[in-house]
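Encoded as structure tokens, the structure appears first; notes follow it.
Order of the sequence lines fixes the chain letters, A, B, ..., with proteins taken first and strands second; residue numbering starts at 1 for each chain.
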Amino acid sequence: MAALSVPVLSFPHQRKLPTSSTVNNDLRFPNYPLLSLIEQCTSLKELKQIHAQMLRTGLFFDPFSASKLITVCAMSSFSSLDYAHQVFDQIPKPNLYTWNTIIRAYASSSDPIQSIVVFLRMLDQCCESPNKYTYPFVLKAASELKASRVGRGFHGMVMKSSLASDVFILNSLVHFYGSCDDLDSAYRVFLNIPSKDVVSWNSMIKAFVEGDCPDEAFQLFREMEMENLKPNDITMVGVLCACGKKADIEFGRWLCSYIQRNGIAVNLTLNNAMLDMYVKCGSVEDAKELFDKMPERDVVSWTTMLDGYTRMGKYDEALRVFEAMPNQDIAAWNVLISSYEQNGMPKEALSVFHKLQVSKSAKPDEVTLVSSLSACSQLGSIDPGRWIHIYIKRQGIKLNCHLTTSLIDMYAKCGDLEKALEVFDSVERKDVYVWSAMIAGLAMHGCGRAAIDLFYEMLKAKVKPNAVTFTNILCACSHTGLLEEGTSLFYQMEPVYKVVPGVKHYACMVDMLGRSGRLKDSLEFIEKMPIPPTASIWGALLGACRLHGNVELAEHACGQLLELDPRNHGAYVLLSNIYARTDKWDRVSRLRKAMRDSGIKKEPGCSSIEINGIVHEFLVGDNSHPLCKDIYEKLDEIAATLKAIGYVPNKSHLLQLVEEEDMKEQALNLHSEKLAIAFGLISTAPSQPIRVVKNLRVCGDCHAVAKLVSKVYKREILLRDRYRFHHFKDGHCSCGEYW
DNA sequence: GATGATTAAA
């Protein structure tokens with residue numbers, strides 16, 4: 001107890017202590033001068049000096065006085081909970097008030113579990129029962145921890161006690177169930193509050209908002225009015241938040257006028273909530289108007305404006321706001337990074353992350369790392385991904401499930417399945433997203449069996465699969481041709497696992513049936529679906545038709561698809577490929593004309609390869625690269641070498657009708673993935689694998705070429721396309737031709 | 001001697 005052996009130093013406000021003879025627990029010094037000093041304390045050092053004095057005089061053994069000390073230790077600006085706890089442990093018989101103080105302090109600390117630990121100790125050691133103050137504190141801790149079983153236990157204790165109708169406790173319970181996403185229980189408690197106050201309503205409204213039920217939140221707001229209960233600023237913050245979720249600008253504007261009309265006190269938080277509502281409803285103009293009028297702005301106000309501009313894609317404005325902010329905290333950096341990352345600009349995201357590193361103006365937090373890792377995943381950029389992983393380790397940042405998921409996803413999508421598995425195995429706590437990410441990783445690398453095994457391991461670990469898990473596992477089955485396993489899992493989803501199949505799951509099934517050649521079953525499956533088929537469903541069937549060269553069904557699927565999504569260029573490309581493959585060149589040109597007429601362009605194929613941290617991108621026939629001459633020389637060499645061993649280009653993978661046979665061959669030879677592979681061959685060491693990322697599906701001819709290159713040049717090639725990985729080695733591909 | 005509900009980023 002080093003902290004307790006503080007010497008009595010010269011104490012500026014020290015007064016002469018009355019010399020009391022004996023010390024006992026009943027001693028009371030309500031007006032004792034030392035006590036008022038406690039409240040004037042401004043540092044832990046002073047507090048320790050008072051503590052020492054109290055020990056000397058015996059005042060410490062007066063429960064009232066000791067509690068005062070604990071309160072200040074635990075709750076003041078310079079608080080030290082550790083010290084407070086040590087002090088607490090020195091009190092021979094703390095009273096209920098003292099127990100409550102320490103429970104309360106822990107509940108709002110960064111370590112709320114201690115609150116519950118102390119509570120349990122109190123049940124054992126304190127002769128008094130928990131009172132109406134105790135429960136709100138421990139329930140707050142349970143809410144923070146989302147400890148639903150523990151909190152439910154508290155609920156039970158409350159009901160058995162005489163406190164079952166205390167409005168403070170019941171409101172805390174509403175809040176607790178709300179934080180545990182148990183809206184039913186929250187609402188049940190709410191309904192049973194005998195005399196609801198405004199906090200009851202606010203808690204329930206907030207619970208609905210957070211549980212993604214904005215309509216219920218509005219409904220409650222209306223009921224509140226009908227009961228003639230005046231909403232306050234906090235009510236409005238909740239309702240505005242709901243409004244943002246609904247993106248209903250009209251209602252939002254009405255709410256703002258409601259606030260004015262009803263004279264609700266507008267403070268900074270409420271203004272920020274209105275700003276946020278405008279931004280979420282897509283009106284950065286309204287937000288700007290309010291922002292300019294606000295008497296006081298804080299970092300949240302600025303960050304919200306920043307968010308508003310990025311949402312509208314107005315990055316110039318956004319950057320201006322970012323520069324103008326009084327201080328750029330990590331949240332502001334995160335808005336920029338995540339906005340770029342989520343809007344298909346992963347390079348920009350990483351560049352902002354890099355600037356953050358250089359500027360050192362804020363410390364990256366979990367959100368920064370998650371967004372940046374996701375940018376790496378999108379780019380297939382393993383070097384910055386590895387760097388972030390090392391950063392996490394060096395900073396001693398503990399891997400939580402969010403970060404773990406991102407790391408697994410990054411390694412898997414950058415082609416390092418081994419490393420993804422290593423991260424997966426290294427963590428103890430695995431939530432459903434961690435498991436699902438690993439299943440997805442195995443799936444995209446063609447390890448369908450392993451993915452299924454992992455799924456069963458996950459069940460054994462008592463983690464409940466969700467919709468994401470099933471998308472990934474079905475995807476694994478369809479990528480590996482595990483029709484039976486996939487089908488059986490699909491039909492178990494709802495009855496066994498209580499996960500209602502969504503459109504993604506149906507699409508996986510269509511894909512799975514189609515790929516395995518059961519095109520008719522696939523069509524029948526679509527016709528029997530309980531939800532209307534979407535473009536992606538028909539797209540899956542169309543893809544399968546291409547694989548099996550079924551022109552008729554392809555035309556049907558394509559027609560359906562275009563009806564739902566007339567501008568879907570992918571559909572045109574797939575159908576065109578099918579025509580080309582079956583030598584229906586007249587139809588290819590007709591389709592081509594239709595595309596031209598409606599102004600639909602094929603999304604250009606783009607392949608990228610990262611060398612020494614720099615991402616090089618190639619389009620078809622690209623000659624913008626500085627080393628383009630060398631690249632084309634290498635391509636010619638590859639073509640000659642492969643021809644010599646008997647390779648014949650497969651021309652059916654062309655979209656357009658190219659009259660001259662030579663031209664066709666050339667166009668094929670200039671596919672972006674081939675350019676990237678050629679560049680990889682000349683710019684990496686022979687021992688290095690070549691990692692290429694393509695935005696579309698890899699073309700069949702390029703696939704064949706990559707296989708041969710991997711053999712002739714003795715190079716591993718990792719090619720990630722839109723759907724999965726192709727790991728070429730010794731003339732074989734990990735996909736086993738199943739793609 | 002005290003308690004509950006409040007805004008930004010994945």
Whole-Å distance, A:Ile169 CD1 to B:dT3 P, equals 14 Å

Between CE of A:Met277 and P of B:dT7 the distance, given in whole Å, is 15 Å

Between A:Lys68 and A:Asp62, is there a side-chain N and carboxylate O pair less than 4.0 Å apart? no

Query raised in the report: Between A:Lys246 and A:Asp215, is there a salt bridge with N-O shorter than 4.0 Å?
Result: yes

Of B:dA2, B:dG1, B:dA9, the nucleotide closest to the side chain of A:Asn100 is B:dA2

- Query: So does A:Arg320 pair up with A:Asp316, basic N to acidic O under 4.0 Å?
  - Reply: no

Item to complete: Run the salt-bridge test on A:Arg253 and A:Glu285 with the 4.0 Å N-O cut-off and return the result as yes or no.
Response: no

Applying ring pair (Phe, Tyr, Trp, His ring centres under 6.0 Å) to A:Phe88 and not counting sequence neighbours gives A:Trp99

**Q.** Phosphate-side-chain proximity, A:Lys280 and B:dA9, N/O vs OP1/OP2 below 4.0 Å
**A.** yes

Ordered by number, residues from residues 202-228 of chain A within less than 4.0 Å of DNA chain B (heavy atoms) are A:Asn202, A:Ser203, A:Lys206

Here the distance between atom P of B:dT7 and atom CE of A:Met294, to the nearest Å, is 15 Å

Using residues 230-239 of chain A as the side-chain source, report each donor-acceptor pair under 3.5 Å to any protein atom, sequence neighbours left out, with the distance given to one decimal.
residue, atom, partner, partner atom, Å
A:Asn232, OD1, A:Asn202, ND2, 3.1
A:Asn232, OD1, A:Ile234, N, 3.1
A:Asn232, OD1, A:Thr235, N, 3.0
A:Asn232, OD1, A:Thr235, OG1, 2.8
A:Asp233, OD2, A:Asn267, ND2, 3.1
A:Thr235, OG1, A:Asn202, OD1, 2.7
A:Thr235, OG1, A:Asn232, N, 2.9
A:Thr235, OG1, A:Asn232, O, 3.3

In whole angstroms, the gap separating P of B:dA2 from CD of A:Glu39 amounts to 11 Å

(message) Any carboxylate oxygen within less than 4.0 angstrom of a Lys/Arg side-chain nitrogen, looking at A:Lys288 and A:Asp292?
(response) yes

Expected list for residues 259-276 of chain A near DNA chain B, using heavy atoms below 4.0 Å, is A:Thr269, A:Asn272, A:Asp276

Here the distance between atom C1' of B:dT3 and atom NZ of A:Lys140, to the nearest Å, is 10 Å

Within residues 355-375 of chain A, the residues having a heavy atom closer than 4.0 Å to DNA chain B are A:Asp365, A:Glu366, A:Val367, A:Ser371

Any base atoms under 4.0 Å from A:Asn232, or only sugar-phosphate, or nothing? Heavy atoms, all strands.
base

Has the side chain of A:Lys245 got a donor or acceptor atom that lies under 3.5 Å from a matching backbone atom of A:Val209? yes

Against the side chain of A:Glu341, the closest entry in B:dA2, B:dA10, B:dT7 is B:dA10

Those residues at least two apart in sequence (or on a different chain) that pass side-chain contact (heavy atoms from CB on, under 4.5 Å) with A:Ala420 are A:Ile408, A:Tyr411, A:Ala412, A:Met438

Original post:
Heavy atoms under 4.0 Å, any strand shown: does A:Asp197 hit a base, just sugar-phosphate, or nothing?
Top reply: base

Rounded to whole Å, the CD1-C1' distance (A:Ile103 to B:dT3) equals 12 Å

Smallest heavy-atom separation, A:Ala66 atom then A:Phe60 atom, equals CB-O, 3.3 Å

Of the listed B:dT7, B:dA5, B:dG1, the closest approach to the A:Val237 side chain comes from B:dT7

Check your understanding: Taking the six-membered ring for Trp, is the centroid-to-centroid distance between A:Phe353 and A:Tyr391 below 6.0 Å?
Key -> no

*asked:* Does A:Ser67 reach a base, just sugar-phosphate, or nothing at all? Heavy atoms under 4.0 Å.
replied: base

